[in-house]
Amino acid sequence: MYVPFETLPEESKIWIYQSNRKFTDEEVTEIDAAVKDFVEGWAAHGTGLEASYTIKYNRFIILAVNQENQSATGCSIDASVHFIQQLEQKYAVDLLDKMNVTFKQGEFLTHKPLIEFKKLAKEKSVSANTIVFNNLVNTVGEFNDYWEVPAAESWHSRFF
């Protein structure tokens, strides 16, 4: 059962999928419709999940479930991963590789493999003040407070 993302409790579980490239506006429109259809039918053991999603910066797809009513289970999580894999194939993108970092450089978002981000940190091309996207956050509350933060305030701080 789809609910607006803003109405989910802060304890709601989230999964963040970052694309290795920016989606076009047309792609975002298509992806938005596909994700909404998926979320509307998302269920665990036959019971609909109170779930939502948001798409940020034409690059991030965030799925969320209010686990107070019904928890996402192995099968429902597998279904979401399968759905994300279908998006990867359709749009020729990588959404599941967690060894990449997206960060801000001025007004632009930059996406680099982790090894390159480490190199940039060593070369001082990025700093502890560089705004990064901490995709390890687990809840809506953490997403709201700690997703888009200076590198010093996330797991990225180990590189400085």
Side-chain angles (χ1 to χ4, degrees), residues 1-104 109-114 117 130-158:
M1 170 183 73
Y2 169 80
V3 297
F5 191 84
E6 306 76 36
T7 66
L8 287 170
E10 288 199 343
E11 301 78 32
S12 299
K13 173 77 176 126
I14 65 166
W15 295 268
I16 300 173
Y17 301 98
Q18 89 182 338
S19 175
N20 60 323
R21 69 166 174 84
K22 184 178 180 181
F23 293 114
T24 67
D25 290 341
E26 181 180 291
E27 288 173 329
V28 169
T29 300
E30 292 173 6
I31 291 167
D32 185 74
V35 176
K36 188 166 188 179
D37 284 347
F38 171 77
V39 166
E40 285 175 344
W42 202 8
H45 299 297
T47 302
L49 296 171
E50 185 176 313
S52 193
Y53 70 95
T54 187
I55 299 171
K56 298 286 189 179
Y57 297 106
N58 286 27
R59 187 179 285 270
F60 299 92
I61 300 170
I62 298 99
L63 299 178
V65 172
N66 177 1
Q67 301 207 107
E68 290 175 5
N69 298 332
Q70 173 70 35
S71 292
T73 60
C75 291
S76 59
I77 294 168
D78 288 350
S80 68
V81 171
H82 180 69
F83 170 73
I84 294 296
Q85 288 171 327
Q86 290 174 328
L87 292 178
E88 283 185 318
Q89 290 175 357
K90 181 172 183 178
Y91 295 100
V93 295
D94 185 356
L95 293 164
L96 293 168
D97 188 347
K98 303 294 185 193
M99 297 303 291
N100 294 310
V101 177
T102 300
F103 56 97
K104 287 187 174 182
L109 296 187
T110 302
H111 180 86
K112 296 283 185 191
L114 184 59
F117 184 79
T130 299
I131 301 298
V132 296
F133 295 90
N134 179 7
N135 297 325
L136 298 181
V137 296
N138 290 304
T139 66
V140 167
E142 289 176 3
F143 175 77
N144 291 335
D145 295 338
Y146 304 111
W147 178 57
E148 194 173 329
V149 294
E153 296 176 24
S154 78
W155 65 268
H156 303 85
S157 63
R158 70 182 82 178

Got a sec, which residues hit ring-ring contact (aromatic ring centres under 6.0 Å, His included) with Y17, two or more places apart in sequence or on another chain? none

Quick one: side chain to side chain contact (heavy atoms under 4.5 Å, CB included) partners of E6, sequence neighbours excluded? P4

Closest contact, heavy atoms only, A51 versus V65: CB-CG2, 4.2 Å

Nearest 0.5 angstrom please: K36 NZ to I55 CD1, how far? 11.5 Å

Residue pairs fulfilling ring-ring contact (aromatic ring centres under 6.0 Å, His included) with at least one residue in residues 18-43, sequence neighbours excluded: W15-W42, F38-W42, F38-F83

Verify, without hydrogens or angle tests, whether T54 (side chain) and I62 (backbone) share a donor-acceptor contact under 3.5 angstrom. no

Atom pair CD/CG of E88 and N20 - distance to nearest 0.5 Å: 8.5 Å

Of the non-hydrogen atoms in I77 and A72, which two are nearest, and what is the gap between them? CG1-CB, 4.0 Å

Could you tell me which residues satisfy side chain to side chain donor-acceptor pair (under 3.5 Å) with E10, sequence neighbours excluded, listed by chain and number? none

Of all residues at least two apart in sequence or in a different chain, which pass the side chain to side chain donor-acceptor pair (under 3.5 Å) check with T110? Q105

What are the two closest heavy atoms between L8 and S52, and how far apart are they? CD1-CB, 3.7 Å

At their closest point, which heavy atom of V132 faces which heavy atom of A151, and how far apart are they? CG2-CA, 3.8 Å

Look at the aromatic rings of F60 and W147 and report parallel, tilted or perpendicular, splitting at 30° and 60°. perpendicular

For Q86, which residues count as a side chain to side chain donor-acceptor pair (under 3.5 Å) partner, sequence neighbours excluded? H82

Search all heavy atoms of S157 against all heavy atoms of A152 and return the closest pair with its distance. CB-O, 3.5 Å

To the nearest 0.5 Å, what is the distance between CD1 (I14) and CD (E142)? 7.5 Å

Minimum side-chain heavy-atom gap N66-T7 below 4.5 Å: no

Does any part of the side chain of V39, heavy atoms only, come nearer than 4.5 Å to the side chain of V3, both counted from C-beta? no

Set of residues satisfying salt bridge (Lys or Arg N to Asp or Glu O under 4.0 Å) with respect to E27, sequence neighbours excluded: R21

Take V137 and D145 through the side-chain contact (heavy atoms from CB on, under 4.5 Å) test and state the conclusion after the steps. CA-CA 9 Å; V137 296; D145 295 338; over 6 Å; no

Please list every donor-acceptor pair under 3.5 Å in which a side-chain atom of residues 92-102 meets a protein atom from a residue at least two apart or in another chain.
| from | atom 1 | to | atom 2 | distance (Å) |
| --- | --- | --- | --- | --- |
| D94 | OD1 | L96 | N | 3.2 |
| D94 | OD1 | D97 | N | 3.2 |
| D97 | OD1 | M99 | N | 2.8 |
| D97 | OD2 | N100 | ND2 | 3.4 |
| K98 | NZ | I16 | O | 3.1 |
| T102 | OG1 | Q18 | OE1 | 2.8 |
| T102 | OG1 | H111 | ND1 | 3.0 |

Hey, what do you get for OG1 (T139) to CG (N144), rounding to the nearest 0.5 Å? 8.0 Å

For L63 and S80, work out which heavy atoms get closest and say how close. CD1-CB, 3.9 Å

Not counting sequence neighbours, which residues clear salt bridge (Lys or Arg N to Asp or Glu O under 4.0 Å) with K112? List them please. E116

Pairing residues for Y146 by the ring-ring contact (aromatic ring centres under 6.0 Å, His included) criterion, not counting sequence neighbours: none

Sequence neighbours excluded, which residues qualify as salt bridge (Lys or Arg N to Asp or Glu O under 4.0 Å) partners of E148? K104

Supply the atom-to-atom distance D32 CG to D25 CG, rounded to the nearest 0.5 angstrom. 12.0 Å

Side chain to side chain donor-acceptor pair (under 3.5 Å) partners for Q67, two or more places apart: none

Gap between atom NZ of K22 and atom CZ of R59 - 0.5 Å precision: 8.0 Å

